[in-house]
Enquirer: 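First the structure, which I've put down as structure tokens, then a few questions once you've had a look.
Treat the numbers as computed from the prediction; the structure is a model and nothing was measured.
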Amino acid sequence: MRFADFKPMAISDLWTACNSSFPEDPYIDEIAGSVVDGLYRRFGESLAMVRAFLTVPYRSLPKRHDRFARDLARSVGLADALTSHTPVLTLLDTRGRLDEWNDPRRSAGHVAIPLLSESFVASIPMICYLLKELGLPLTWVQDPGDVANRNAIGSEVGYCLVSDASSATDDLGRNIIPAQQFVKDHAIPKFRD
């Protein structure tokens with residue numbers, strides 16, 4: 001099925017199918033893997049890649065993710081901004097056209113992205129757009145424990161769709177998908193309503 005032919009019932013059916021395949025006490029990465037795999041199998045003809053992320057406090061990261069987040073913070077000169085409470089956008093699972101897109105351990109740049117400050121997040125068009133689409137203000141980065149935001153995050157799962165990866169821009173005129181060579185190389189189509 002093409003994503004453009006998506007009907008809300010397709011997601012409900014997909015969730016029912018995924019839910020039946022979960023082990024009795026699943027880990028969050030098992031749930032994410034099942035959903036990502038199901039989405040890619042169902043809509044793969046029109047998707048280059050499907051990924052699932054979870055935002056967790058830095059202190060809760062496994063060692064590999066911890067190292068990745070720490071190295072990223074150092075590389076942008078914000079190592080001091082990384083605290084135990086820093087929210088980190090963590091890649092749970094991934095599926096896609098290329099073999100290396102089917103294993104989150106092989107991700108070169110998205111394993112664990114620490115949301116170090118409002119200005120840091122604002123400097124990354126795709127992450128900034130994602131938060132906006134999920135209804136989260138950038139101030140959430142500074143206070144992820146805020147009750148109103150925590151309730152919104154805990155009660156809903158959202159998705160982010162960039163309808164035209166080759167030309168969609170943010171409020172500052174930047175490409176939402178900065179990796180334009182990726183868009184060209186993989187012939188990412190426009191989403192049609």
Enquirer: Tell me if a side-chain donor or acceptor on S34 pairs with a main-chain N or O of I31 at a distance below 3.5 Å.
Expert: no

Enquirer: With the 4.5 Å side-chain cut-off for hydrophobic clustering, are I177 and L47 part of the same group?
Expert: no

Enquirer: Would you call R67-D71 a salt bridge at under 4.0 Å N-O?
Expert: no

Enquirer: Quick one: closest heavy-atom pair of N175 and S166, and the distance?
Expert: ND2-O, 3.7 Å

Enquirer: Holding to salt bridge (charged side-chain N to carboxylate O under 4.0 Å, His left out), I want the full list of residues that pass it with D29, two or more places apart in sequence or in another chain.
Expert: none

Enquirer: For Y129 and V162, what are the C-alpha separation, side-chain angles and deciding distance, and is it a side chain to side chain contact (heavy atoms under 4.5 Å, CB included)?
Expert: CA-CA 9 Å; Y129 180 78; V162 179; 3.6 Å; yes

Enquirer: Check this for me: does any side-chain nitrogen of one of D170 and K132 sit under 4.0 Å from a carboxylate oxygen of the other?
Expert: no

Enquirer: Please name the pair of heavy atoms, one in P104 and one in T94, separated by the smallest distance, quoted to 0.1 Å.
Expert: N-CG2, 3.6 Å

Enquirer: So, D164 and S167: side-chain donor and acceptor under 3.5 Å apart, yes or no?
Expert: yes

Enquirer: Do R97 and M49 touch side chain to side chain, with heavy atoms closer than 4.5 Å?
Expert: no

Enquirer: List the atom pairs, donor and acceptor, that lie under 3.5 Å between side-chain atoms in residues 110-125 and the rest of the protein, sequence neighbours left out.
Expert:
residue	atom	partner	partner atom	Å
H110	ND1	R51	NH1	3.1
S117	OG	S119	OG	3.2
S117	OG	F120	N	3.0
S123	OG	F120	O	2.5

Enquirer: Give a yes or no on whether the backbone of L98 and the side-chain of N102 come within a donor-acceptor separation of less than 3.5 Å.
Expert: yes

Enquirer: Hey, does R64 have a side-chain heavy atom less than 4.5 Å from the side chain of R105?
Expert: yes

Enquirer: Less than 4.5 Å apart, side chain to side chain, heavy atoms only: is that true for L138 and C128?
Expert: yes

Enquirer: Do T83 and T86 come within less than 4.5 Å of each other through their side chains, counting heavy atoms only?
Expert: yes

Enquirer: For atom CG of D185, is the number of surrounding heavy atoms from other residues, nucleotides or ligands below 6.0 Å larger than 12?
Expert: yes

Enquirer: Give me the atom names and distance for the closest heavy-atom approach of V88 to A69.
Expert: CG1-CB, 4.4 Å

Enquirer: In the single-linkage hydrophobic clustering (I, L, V, M, F, W, Y; side-chain heavy atoms under 4.5 Å), do F68 and F53 co-cluster?
Expert: no

Enquirer: In Å and rounded to the nearest 0.5 Å, what is the OG to CG distance from S107 to D93?
Expert: 11.5 Å

Enquirer: Does V36 share a hydrophobic cluster with I188, counting links as ILVMFWY side-chain heavy atoms below 4.5 Å and allowing steps through other members?
Expert: no

Enquirer: According to a hydrophobic-cluster definition based on side-chain heavy atoms being under 4.5 Å apart (Ile, Leu, Val, Met, Phe, Trp, Tyr only), do L89 and I28 belong together?
Expert: yes

Enquirer: Could you tell me which residues satisfy ring-ring contact (aromatic ring centres under 6.0 Å, His included) with F182, sequence neighbours excluded, listed by chain and number?
Expert: W101, H186

Enquirer: Which heavy atom of D66 sits nearest to which heavy atom of R70, and what is that distance?
Expert: OD1-NH2, 2.5 Å

Enquirer: Any idea which heavy atoms bring E24 and P26 closest together, and the distance?
Expert: O-CD, 3.4 Å

Enquirer: Return yes if some donor-acceptor pair links the side-chain N/O of E30 with the main-chain N/O of Y27 below 3.5 Å, else return no.
Expert: yes

Enquirer: Grab the two heavy atoms, one from L82 and one from A73, that are nearest each other, plus how far apart they are.
Expert: CD2-CB, 4.2 Å

Enquirer: Can you confirm whether T169 sits close enough to I176 that some side-chain heavy atom of one is under 4.5 Å from a side-chain heavy atom of the other?
Expert: no

Enquirer: Same cluster for V50 and F43 if Ile/Leu/Val/Met/Phe/Trp/Tyr side chains link at under 4.5 Å?
Expert: yes

